[in-house]
Student: 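Quick one: this structure, given as structure tokens, is what I'll be asking you about.
In this chain, residues are counted from 1 in sequence order.
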Amino acid sequence: MRMKNNGQISIVLNSQKRNSVKDTLKPDSLHQSFPQEHVALKEIEEELGSLVGMEEMKKMVKEIYAWIYVNKKREAMGLKAGKQALHMMFKGNPGTGKTTVARIIGKLFLKMNVLSKGHLIEAERADLVGEYIGHTAQKTRDLIKKSLGGILFVDEAYSLGRGGEKDFGKEAIDTLVKHMEDKQHEFILILAGYSKEMDHFLTLNPGLQSRFPLVFHFPDYSVDQLMEIVKRMLDEKQYLLSSDAERKIRDHLYSAKNNLSPMAFSNGRYVRNILEKSIRAQAMRLLLENCYSRNDLITIRSNDLIFTKGTLD
């Protein structure tokens, strides 16, 4: 976690190399038991615990909780406890858990009465940008209105700035910036996208960067983490991989990570697609073989694995 000169807090998630940074909370306090009044944090921790990796995110969620909670205590004592805008930016490749984390943050803020509803509205360029002058501002205002009390999550937000000065995407950016200030405590805006593109996006409006106090970085999953995701997805559906299938999918993931572009290799989403296709292939094989023992029904074999057409086999 790094504090930048502009006041932003930058957090790295799923990091393979741990930064030598002192956490706001002492390490031994991260696992201590909390009083009953902190049941909201315990419930969110349990949900975060079901996610692979994201250790820095799990620590940061606890720190945000502590900051909000202590501010409420300060306010009760008559001390200064100014509200801080909680708009966020998520940087990372597809399938690294950005939308999932946004939903969990919404639940936490609802439990803490930071948000009145805690719902998540997902949007992309087409939901914000209109076809004629004035249309974009109205569409954007309508989305913000739906998001009040919750989170507006805009994926691939950098696409709003791809069309140049005459593109209506700039109108969407300007409208978002205005409402981030006017309604900063009524909803939370999370902009998400590739790291490099999001860095450029921040330069398109002078008011953008200063309005995002929290910037989260979502690195790609390692192969070991992806295999853990595979195992958890299959466990949930009551399937398992044969030893040959496990070796085959691991080898494929190594090759895919090294040879496919970030657009083609979408981390957790990528393995989910493989498993869904492979489960259907297994069902067809069992139908043709007329084999329905318990072991047959739960086992995915290497010849059941279906990798995305046009990628590595």
Student: Can E46 and K42 be counted as an ion pair, charged N to O under 4.0 angstrom?
Tutor: yes
Student: Quick one: pull up CG in N273 and CD1 in I306 and give me the separation to the nearest 0.5 Å.
Tutor: 13.0 Å
Student: Out of curiosity, does I298 fall in the hydrophobic cluster containing V230 (side-chain heavy atoms, cut-off under 4.5 Å, transitive links)?
Tutor: no
Student: Sequence neighbours left out, cut at 3.5 Å: what donor-acceptor pairs do the side chains of residues 142-157 make with other protein atoms?
Tutor:
from, atom 1, to, atom 2, distance (Å)
D142, OD1, Q138, NE2, 2.8
S147, OG, L143, O, 2.8

Student: Might you point out which heavy atoms bring A40 and K111 nearest each other, and give the distance in Å?
Tutor: CB-CB, 3.6 Å
Student: Under 3.5 Å, is there a donor-acceptor pair between the side chain of S255 and the main chain of D251?
Tutor: yes
Student: Is there a side-chain contact (heavy atoms from CB on, under 4.5 Å) between K277 and R280? Walk through the geometry before answering.
Tutor: CA-CA 5 Å; K277 292 176 182 178; R280 293 196 296 270; 3.4 Å; yes
Student: Output side-chain donor-acceptor pairs under 3.5 Å for residues 231-245, partner residues at least two apart or in another chain, one line each.
Tutor:
from, atom 1, to, atom 2, distance (Å)
K231, NZ, D235, OD2, 3.0
R232, NE, E228, OE2, 2.9
R232, NH1, S50, O, 2.6
S242, OG, A245, N, 3.1
D244, OD1, R247, NH2, 2.2

Student: Would you check if D304 and T299 make a side-chain contact, meaning some heavy-atom pair closer than 4.5 Å?
Tutor: no
Student: Roughly how far, to the nearest 0.5 Å, is CG of D220 from CD of Q225?
Tutor: 10.0 Å
Student: Write down the atom of Y221, the atom of T96, and the distance for their closest heavy-atom approach.
Tutor: OH-O, 3.6 Å
Student: Please name the pair of heavy atoms, one in L110 and one in G118, separated by the smallest distance, quoted to 0.1 Å.
Tutor: CB-CA, 3.9 Å
Student: Let me know which of E47, E122, H119 forms a side chain to side chain donor-acceptor pair (under 3.5 Å) with R103.
Tutor: E122
Student: Are any of the side-chain heavy atoms of V61 and I104 separated by less than 4.5 Å?
Tutor: no
Student: Determine whether L202 and M89 make a side-chain contact, defined as any pair of heavy atoms from C-beta on separated by less than 4.5 Å.
Tutor: yes
Student: Among Ile, Leu, Val, Met, Phe, Trp and Tyr joined by side-chain contacts under 4.5 Å, find the other residues sharing a cluster with Y292 and list them by chain and number.
Tutor: M284, L286, L287, L288, L297
Student: Using side-chain heavy atoms (C-beta onward) and a distance below 4.5 Å, is N259 in contact with F265?
Tutor: no
Student: Side chains of L226 and Y270: closer than 4.5 Å at any heavy-atom pair?
Tutor: no
Student: Return each pair, listed once, that meets ring pair (Phe, Tyr, Trp, His ring centres under 6.0 Å) where at least one residue sits in residues 73-106; pairs must be two or more places apart or across chains.
Tutor: H87-F187, F90-F216, F90-F218
Student: Determine whether S293 and D296 satisfy the following criterion, side-chain hydrogen bond (donor to acceptor under 3.5 Å, both in side chains), listing intermediate values before the conclusion.
Tutor: CA-CA 5 Å; S293 70; D296 290 324; 2.8 Å; yes
Student: Measuring from I190:CD1 to T99:OG1, what's the distance to the nearest 0.5 Å?
Tutor: 9.0 Å
Student: Minimum heavy-atom separation for V129 and G169, please, with both atom names.
Tutor: CG2-CA, 3.9 Å
Student: Hydrophobic clustering (ILVMFWY, side-chain heavy atoms < 4.5 Å, transitive) - are Y254 and M227 grouped together?
Tutor: yes
Student: Look at atom NZ of K117 and say whether more than 12 heavy atoms of other residues, nucleotides or ligands are closer to it than 6.0 Å.
Tutor: no
Student: Passes side-chain contact (heavy atoms from CB on, under 4.5 Å), I300 versus I249? Steps please.
Tutor: CA-CA 11 Å; I300 304 293; I249 196 169; over 6 Å; no
Student: Under 3.5 Å, side chain of N267 to main-chain N/O of P94, donor-acceptor pair present?
Tutor: yes
Student: Could you check if a side-chain atom of T175 sits within less than 4.5 angstrom of a side-chain atom of T136, using non-hydrogen atoms only?
Tutor: no
Student: Rounded to the nearest 0.5 Å, what's the gap from OG on S210 to CD on E181? Could you check?
Tutor: 8.0 Å
Student: How far does CD of E43 sit from CG of L48, to the nearest 0.5 angstrom?
Tutor: 12.5 Å
Student: State, to 0.1 Å, how close M180 and Q184 come at their nearest heavy-atom pair, and which atoms those are.
Tutor: O-CB, 2.8 Å
Student: Could you tell me which residues satisfy side chain to side chain donor-acceptor pair (under 3.5 Å) with N113, sequence neighbours excluded, listed by chain and number?
Tutor: none
Student: Is any side-chain N of the basic residue among E289 and R285 closer than 4.0 Å to the acidic one's carboxylate O?
Tutor: yes
Student: From H200 NE2 over to Y158 OH, what is the distance, rounded to the nearest 0.5 angstrom?
Tutor: 12.0 Å
Student: One pair to check against side-chain contact (heavy atoms from CB on, under 4.5 Å): H185 and L86. What are the steps and the verdict?
Tutor: CA-CA 8 Å; H185 303 305; L86 292 169; over 6 Å; no
Student: Using the rule that two of Ile, Leu, Val, Met, Phe, Trp, Tyr join whenever any of their side-chain heavy atoms come within less than 4.5 Å, decide whether M88 and M112 are in one cluster.
Tutor: yes
Student: Under the side-chain contact (heavy atoms from CB on, under 4.5 Å) criterion, do T140 and E171 qualify, and how do the steps go?
Tutor: CA-CA 9 Å; T140 304; E171 187 179 358; over 6 Å; no
Student: Indicate yes or no for a side-chain donor-acceptor contact from K98 to the backbone of N93 under 3.5 Å, with no hydrogens or angles considered.
Tutor: yes
Student: What's the shortest heavy-atom distance between K248 and S302, and which atoms?
Tutor: NZ-O, 3.2 Å
Student: Count I, L, V, M, F, W, Y as connected when their side-chain heavy atoms are under 4.5 Å apart, and connections chain through other members. Are W67 and M60 then in the same cluster?
Tutor: yes
Student: Flag the pair R74 / N71 as yes when at least one side-chain heavy-atom distance between them is below 4.5 Å, and no otherwise.
Tutor: yes
Student: Show which residues join M77 in its hydrophobic cluster (side-chain heavy-atom contacts under 4.5 Å, direct or indirect), or state none.
Tutor: L79
Student: Could you tell me whether E131 and K139 make a salt bridge, using a distance below 4.0 angstrom between a side-chain N and a carboxylate O?
Tutor: no
